[in-house]
Amino acid sequence: MIKADYAKRRETLLSRIGENEIIVLFSGAPVPSSMDECFPFEVNRHFLYLTGLRRENMALLLSRTGGRTKEILFIEQPVPQMERWTGKRVTIREAKEISGCGEVQYIQNLMPRLEWILGREFPEKVWMDCHRESIDSVPFYNQLQAEKLLKLYPAMHLCDIHPVISRMRMNKEAAEIAAYRNAVKLTHQGLNRVLSTLRPGMMEYAVQAEFEYEIKRLGADGVSFPTIVGSGINGCSMHYEFNHSKIEEDSLVLLDLGARVEGYCADISRTYPASGRFTPRQRQYYDLVLRANREIAGFAAPGKTLTELNDRCKAVLAEGLMEMGKISRAEEIGKYFMHGVSHQIGLDTHDAYDRMDRPLEPGMIISDEPGLYIDEECIGIRIEDDLLITAEGCTVLSEGIERTAEEIETIMRGRAEGMEQA
Ligand SMILES: [Mn+2]
């Protein structure tokens, strides 16, 4: 695990709420998938950010009362019969060591404690994670707990802590940036393996397997998100993840993928020609996307907003498509580029933010991902890098991952020659 100062993060968070207020945050519970199985457990990222712990059935209680702050971490009590099946649980000593939290208790003590606080101390606000992604989505565990508590104490003043912690998470610390660099490095190694194995006739899932084999072999937690390998027309679906088509001769293969290391998600896209050489038409579009990618890397800086980055990207792509005669007015760019060029990245691939239009600050990590999706020519291209905003502008964390057509063709040609010799 990264050596982050979790106690300091909790202290900062407590300084952002008022006197006589409390925060209750849960790590989450396993979500059933079918029969007796559950989806792989994903810890609440705010909980991870504040404790360094990744396991289920834990909670964090932070309070500010009487001019004093207090923090208690609640963990699952080990049950030997259960541990026989599922392995060791975190002990109180380990939980203290990882989180730096002085007081750790078992989770069954949480409700009696809340009963005392809500019934005797009357906090003015109770902050919980009430985030939801869409009206129709299944609620997150923290929201279910908030509803439960609100039903028991209908007069309690519930507030959403999500934007407050999200704001903190936007500015990465040195340890986080170091973990992020590792995630990018492993992603690069995974892409190298893809470049040396990619052939026309391969199935997309086989390309996915090559990437994931390499990053897992090298110690990644896993993938940042489901690996996208879209060849030909599939590259035109932005979040295509079936990866079940055969890669045709002369098609482009769009890869959007990332290794997750110590919780941090690299998010990189590259587009490779299956047969090792771009056709002249593919190359025209490719160089235009690359121009936009480089333009944004030169443009991103403190004070700029993601909206400004997006407008600049659209202007570059529109100008290029007008030169090619593909569109006649800049407004038509939405037909071929239909997503934003940038988002925050961190413990989540599409990382937490408090306001979409917040000006960039040093320490933020964002994506730089222009693309073009030309259905009628079966051409989907995206080139995505991860940028660290600095005082002067930005550093491209993935600068070393080959991106020009020449670099890609040279590597793929070298590989073919190597094979002939072998
Ligand atoms: Mn992205």
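Keep in mind that the numbers below use all heavy atoms, side chains included, and drop hydrogens, waters and symmetry copies. Ligands are counted one by one from 1 in listed order, and the atoms in each one are counted from 1 as well.
- A cation-pi arrangement, defined by a distance under 6.0 Å to the six-membered ring centre and an angle within 45 degrees of its axis, is present between Lys304 and Phe299.
- A cation-pi geometry, defined here as NZ or CZ lying under 6.0 Å from the six-membered ring centre and within 45° of its normal, holds between Arg9 and Tyr49.
- Between Tyr264 and Tyr180, the ring-plane angle classifies as perpendicular under the 30° and 60° cut-offs.
- Looking only at its N/O/S atoms, Glu369 has OE2 as the one nearest to the Mn ion (ligand 1).
- His343 and Asp267 form a side-chain donor-acceptor contact under 3.5 Å, judged by distance and modelled atom types alone.
- The Mn ion (ligand 1) lies at the vertex of an angle of 90° between the OD2 atom of Asp267 and the NE2 atom of His343 (rounded to 10°).
- Looking at Glu384, its N, O or S atom nearest to the Mn ion (ligand 1) turns out to be OE2.
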